[in-house]
Undergrad: 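Below are the structure tokens for one structure; questions will follow.
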Amino acid sequence: MWLWVLGGVLFLFSSLDVWYFVRGVAVVFRARFQPIVRDILREQCFSGRVLPQDIDFMGHMNNARYLRECDFARFSLYTRNGIFGAVRAEGASMVLGASTIRYRRSLTLLEPFELRSRILAWDHKAFFLEQQFVSRADGFVSAVMLCRQNVLRSTPDKIVQHLCKRKVESPEFPEDLKHWISYNSASSQTLRAESELAGKSQ
């Protein structure tokens, strides 16, 4: 019997990123027992440290690990501010529609950091967030990520209204966020045009 259990565990670890799912569940579980954040625009901090499995050949935090940490920080953010609960109540779901990260200074092995996440604004399709990696050694912003969280089968307005029990307007879009959205729109238009040309040539 124990051989079957060991074989099942080995199969899971060889075919799935088990620790991602384990940590994701742990992050949400922990966030449920932390104070509720009533202000959905309030910045929330998520603590982390660069572990040996996070580093690359240069001894720095692997660039893919930054995106992974952002996932966990959003899990915590949405759990504490009630977004996850409102999404479930609306019968909706959310997917990451776009993300861009800018690296400013490397995080090194065992370096502690804070991941500061906040909702900047929303439109009829998506929430827009900023996430900053801040070194706890000197407060330097090591990396900045912008992301678009698409809402499926509902709208951000309905999600926010469900939470606040009233109509709430989105804050003004920051200038850098406007430029980023314009870039994504231009990229989509270019790809659509290329797809149409490819379709016509076949």
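Atom set for the values below is all heavy atoms of this structure, side chains included, hydrogens, waters and symmetry mates excluded. Here, residue 1 is the first one in the sequence, and each next residue gets the next number.
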Undergrad: Apply side-chain hydrogen bond (donor to acceptor under 3.5 Å, both in side chains) to Ser93 and Arg153, showing your working.
TA: CA-CA 7 Å; Ser93 62; Arg153 297 185 300 279; 3.1 Å; yes
Undergrad: Under 6.0 Å from the CD atom of Glu172, do we count more than 12 heavy atoms belonging to anything else shown?
TA: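 Atom CD in Glu172 is not packed in, count stays at 12 or less.
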Undergrad: For the CZ atom of Arg80 and the CD atom of Gln34, what is their distance to the nearest 0.5 Å?
TA: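 The distance works out to 4.5 Å.
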Undergrad: Determine, using the 4.5 Å side-chain heavy-atom cutoff (strictly less than), whether Ile181 and Leu129 are members of one ILVMFWY cluster.
TA: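 Each belongs to a different hydrophobic cluster.
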Undergrad: Among Ser117, Cys70, Ser76, which residue meets the side-chain contact (heavy atoms from CB on, under 4.5 Å) test with Phe46?
TA: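 Passing option: Ser76.
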Undergrad: Are any of the side-chain heavy atoms of Tyr78 and Val87 separated by less than 4.5 Å?
TA: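 SC-SC contact between Tyr78 and Val87 ruled out.
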Undergrad: Can you tell me how far CZ of Arg136 sits from CZ of Phe113, rounded to the nearest 0.5 angstrom?
TA: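 Reported value, rounded in 0.5 Å steps: 10.0 Å.
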Undergrad: Here's a test for you: under side-chain contact (heavy atoms from CB on, under 4.5 Å), which of Lys125, Met94, Lys158 qualifies with Val151?
TA: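 It is Met94; the other options fail the test.
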Undergrad: Would you please test Arg105 and Ser135 for side chain to side chain contact (heavy atoms under 4.5 Å, CB included) and show each step?
TA: CA-CA 9 Å; Arg105 188 178 77 187; Ser135 172; 3.8 Å; yes
Undergrad: Do side-chain atoms of Arg104 reach the backbone of Val144 as a donor and acceptor pair under 3.5 angstrom?
TA: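 Not a single qualifying donor-acceptor pair exists.
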Undergrad: So that I can tick it off, tell me whether Asp176 and Arg102 are bridged by a salt bridge, with the cut-off set at under 4.0 angstrom between side-chain N and carboxylate O.
TA: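 The answer is no: the pair does not qualify as a salt bridge.
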Undergrad: Enter the distance from Gln149:CD to Leu77:CG here, rounded to the nearest 0.5 Å.
TA: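 Answer rounded to 0.5 Å: 9.5 Å.
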Undergrad: I need the Arg38 CZ to Asn81 CG distance, nearest 0.5 Å.
TA: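 These two atoms lie 11.0 Å from each other.
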Undergrad: Return yes if some donor-acceptor pair links the side-chain N/O of Ser170 with the main-chain N/O of Trp122 below 3.5 Å, else return no.
TA: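 Here the side-chain-to-backbone pair exists.
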Undergrad: What class does the angle between the rings of Tyr20 and Phe75 fall in, given that below 30° is parallel, 30 to 60° is tilted and above 60° is perpendicular?
TA: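 Geometry flag for Phe75 against Tyr20: perpendicular rings.
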Undergrad: Say you draw a straight line from OH of Tyr103 to CG of Asn63; how long is it, rounded to the nearest 0.5 Å?
TA: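 Separation between the atoms: 4.5 Å.
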Undergrad: Please tell me whether Leu177 and Met145 are part of a single hydrophobic cluster in this structure, the criterion being side-chain heavy atoms less than 4.5 Å apart.
TA: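 Each belongs to a different hydrophobic cluster.
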Undergrad: Any non-hydrogen side-chain atom of Val50 less than 4.5 Å from a side-chain atom of Ile55?
TA: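 The answer is yes; the side chains approach within 4.5 Å.
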Undergrad: Same cluster for Leu146 and Ile119 if Ile/Leu/Val/Met/Phe/Trp/Tyr side chains link at under 4.5 Å?
TA: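 Result: no, two separate clusters.
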Undergrad: Show the nearest heavy-atom pair for residues Gln53 and Arg65, with the distance to one decimal.
TA: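 Closest pair (atom of Gln53, atom of Arg65, distance): O-NH2, 3.3 Å.
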Undergrad: I'd like to know if Lys167 pairs up with Asp157 as an ion pair, taking the criterion as any Lys NZ or Arg NE/NH1/NH2 lying under 4.0 Å from an Asp or Glu carboxylate oxygen.
TA: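 Answer for the salt bridge query: yes.
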